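Inspection log for the structure reproduced underneath, given as structure tokens.
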Amino acid sequence: MKECLYYHKYGDGRLRCTLCPHGCLLAEGERGRCGSRRNLEGTLVSEVYAHPCAVAVDPVEKKPLAEFHPGTKCLSLACTGCNLQCLNCQNHDISQAHPGKTDCYELTPEQAVDLALKHHTPGIAYTYTEPLTWYEYTYDTATLAHEKGLWNILVSAGFINPDPLDKLIPYIDAANIDLKAFSDDIYRKVCGARLQPVLDTLLSLHGAGVHLEITNLLIPGVNDDMELVRGMCRWLVENKLGDCPLHFSRFFPQYKMRNTLPTPGKTLFDARDIARGESIRKVYLGNL
């Protein structure tokens, strides 16, 4: 365990986590919505620090990053926990699990960096679940990796408050942000989150010069309305994100949406055509 960086103490023993826009108010023993940050005797602690549940070597294209050092590999790390509760989550067995409910490794930030160097992987990816909920582990590892000349890759839903994001950004070289839908209503109903903080994250990363790519998973009957796609693309262009690679990804039945059909290939091709028509310069299709 490690004490968390962003929280506020109240006189009655309760704590408010200020890492993400949920702002969870926690009594003694309670965990936040992410499942991994807990009020332990008046201190907010990360219960997953230095205990990743997944360690692997992946091609950077799997993140997906199409235009960040293609052909190279990265060390991928993940701890349990996520501050979204997406009904379609493909990694729900680890993202929606509480600490202790999955197998995990003991791997300090120093050991993670040494592992990347040992296997000659030029970067580390914080991925699979939501690395912003295991923020302290992500931050400590990223700062050490940066000192050793390794890249840091953030694969995230981008639901975080500005201050912690600003503290992390100087150590992030590339990011893929999952933009679930260009609709606050869909965010609330399907993901248990909100749209605007994610848009703010995109602007902050891009404004800081981080290599940014964006993924939009198209789910039949949920966010595959082409007018939503058009609105998203127009917003990206209007905010000078039209040069960022945009990935439209195909949905397959997962988790609590197992009765939803896979995305037809035509839907992705239609989305690609709209994106190009709205001046998105680089469009990629995934899971086809």
Side-chain angles (χ1 to χ4, degrees), residues 20-21 61 63-68 82-90 130 132 154-162 165 174-252 254 257 260-288:
C20 88
E61 290 86 352
K63 295 303 103 188
L65 289 172
E67 300 188 9
F68 182 77
C82 184
N83 55 354
L84 273 63
Q85 290 83 39
C86 299
L87 301 180
N88 59 292
C89 182
Q90 65 177 358
E130 178 47 76
L132 297 177
L154 182 70
V155 183
S156 168
F159 195 67
I160 187 173
N161 282 331
L165 179 62
N176 186 294
I177 301 299
D178 195 356
L179 182 53
K180 307 291 184 178
F182 200 67
S183 162
D184 190 69
D185 186 55
I186 294 174
Y187 258 90
R188 292 175 186 271
K189 291 180 178 178
V190 177
C191 307
R194 293 183 283 114
L195 171 62
Q196 189 59 52
V198 181
L199 299 182
D200 293 341
T201 293
L202 292 174
L203 295 175
S204 294
L205 289 166
H206 186 258
V210 174
H211 175 87
L212 177 63
E213 303 194 17
I214 300 162
T215 295
N216 182 216
L217 176 72
L218 293 173
I219 306 174
V222 176
N223 67 342
D224 61 341
D225 183 328
M226 290 299 117
E227 288 310 305
L228 279 182
V229 172
R230 189 183 307 279
M232 176 185 70
C233 293
R234 286 181 177 175
W235 183 89
L236 292 172
V237 172
E238 288 168 1
N239 287 276
K240 298 180 171 45
L241 302 177
D243 288 341
C244 297
L246 176 61
H247 302 253
F248 289 112
S249 191
R250 189 183 187 200
F251 163 86
F252 288 96
Q254 295 283 351
M257 297 187 73
T260 302
L261 294 174
T263 312
K266 182 179 182 302
T267 299
L268 273 73
F269 292 121
D270 288 347
R272 181 187 63 184
D273 292 344
I274 286 175
R276 288 176 172 171
E278 296 295 337
S279 301
I280 301 292
R281 295 185 58 244
K282 305 165 185 177
V283 185
Y284 295 89
L285 305 184
N287 288 348
L288 277 174

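Please read these numbers as outputs of a predicted model, since none were measured by experiment.
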Working to the nearest 0.5 angstrom, can you tell me the gap between [X] [atom1] and [Y] [atom2]?
X	Y	atom1	atom2	value
Cys86	Ile219	SG	CD1	8.0 Å
Phe269	Ile274	CZ	CD1	14.0 Å
Leu205	Leu154	CG	CG	7.0 Å
Leu202	Ile214	CG	CD1	5.0 Å
Leu212	Asp243	CG	CG	11.5 Å
Phe159	Leu195	CZ	CG	10.0 Å

Which residues pass the side chain to side chain donor-acceptor pair (under 3.5 Å) test with Glu278, sequence neighbours left out?
Arg230, Arg234
Arg188: which residues meet the salt bridge (charged side-chain N to carboxylate O under 4.0 Å, His left out) condition with it, sequence neighbours left out?
Asp184
Of all residues at least two apart in sequence or in a different chain, which pass the salt bridge (charged side-chain N to carboxylate O under 4.0 Å, His left out) check with Asp273?
none
Answer yes or no: is there a donor N or O on one side and an acceptor on the other, between the side chain of [X] and the main chain of [Y], under 3.5 Å?
X	Y	answer
Arg250	Thr263	yes
Glu213	Ala66	yes
Asn216	Leu179	yes
Asn223	Leu217	yes

Give the minimum heavy-atom separation between [X] and [Y], together with the two atoms involved.
X	Y	result
Lys180	Tyr187	N-OH, 2.9 Å
Leu218	Pro220	O-CD, 3.8 Å
Asn161	Cys20	ND2-O, 3.2 Å
Ser183	Ile186	OG-N, 3.1 Å
Ala157	Leu84	CB-CD2, 3.9 Å
Leu132	Gly158	CD1-CA, 4.2 Å

Suppose we screen for side-chain contact (heavy atoms from CB on, under 4.5 Å). Which residues come up paired with [X], at least two apart in sequence or across chains?
X	result
Lys282	Glu67, Pro245, Tyr284
Thr215	Pro64, Asn176, Asp178, His247, Ser249
Asp225	Glu227, Leu228

Trace of the side chain to side chain contact (heavy atoms under 4.5 Å, CB included) decision for Thr267 with Met226:
CA-CA 9 Å; Thr267 299; Met226 290 299 117; 3.8 Å; yes
Could you walk me through whether Glu130 and Ser156 pass the side chain to side chain contact (heavy atoms under 4.5 Å, CB included) check?
CA-CA 6 Å; Glu130 178 47 76; Ser156 168; 2.9 Å; yes
Heavy atoms, side chains only, cut-off 4.5 Å: are Met257 and Phe251 in contact?
yes
Check step by step if side chain to side chain contact (heavy atoms under 4.5 Å, CB included) holds for Phe182 and Leu236.
CA-CA 11 Å; Phe182 200 67; Leu236 292 172; over 6 Å; no
Decide side chain to side chain contact (heavy atoms under 4.5 Å, CB included) for Met232 and Leu246; before the verdict, give the C-alpha distance in whole Å, the side-chain angles of both, and the deciding distance to 0.1 Å.
CA-CA 11 Å; Met232 176 185 70; Leu246 176 61; 4.2 Å; yes
